Amino acid sequence: KLQHEEACKKRVAELRDELLFKQPESTYLGDCPICCLPMPLDVQKSATYQCCSKVVCISCYYISGRSLQHRCPFCREPTPSTEKECKKQIMKRVEANDPVAL
């Protein structure tokens, strides 16, 4: 009986750890459209492509920047190199009534 109780306590602790440390299935921000993992709650760990207003996790942003020679993985537009180009792309999305750009 004592061994059974110890085994039960150990399993309860394992289940508690699984619940505490498992990754959530999704967040209110949705999933990254590239890797399909839940978007991080910290907005510093995500990035927005101004050309098409897609939001991706920061790791996919860095990887796609390297592999696509700094082009958007969705629309293949070059990523802006200056603040002026960035604002121009954002205004283009605002004029298209894109709610993310607003």
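All of these numbers come straight from a predicted model, not from anything done at the bench. Nothing fancy with the numbering, it's 1 onward along the sequence.
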Counterpart residues, side chain to side chain contact (heavy atoms under 4.5 Å, CB included), relative to P40 (two or more places apart) | K45, C57
Got a sec, which residues hit side chain to side chain contact (heavy atoms under 4.5 Å, CB included) with I34, two or more places apart in sequence or on another chain?
-> C32, V56, C60, P73, F74
So, for L29 and L41, which heavy atoms are closest and what is the spacing to 0.1 Å?
-> CD1-CA, 4.1 Å
Nearest atoms (heavy-atom pairs only) where E85 meets P80 = OE1-CA, 3.4 Å
For [X], check side-chain hydrogen bond (donor to acceptor under 3.5 Å, both in side chains) against everything at least two apart and list the hits.
X   : result
E77 : none
T82 : none
Y49 : S64

Looking at side-chain heavy atoms only, is the closest gap between D31 and P38 below 4.5 Å?
-> yes
Atom pairs and distances, donor-acceptor, side-chain atoms in residues 86-93, under 3.5 Å, two or more places apart:
unit_1	atom_1	unit_2	atom_2	d
R93	NE	D98	OD2	3.2
R93	NH2	D98	OD2	3.3

Within 6.0 Å of CD in Q3, more than 12 heavy atoms from elsewhere = no
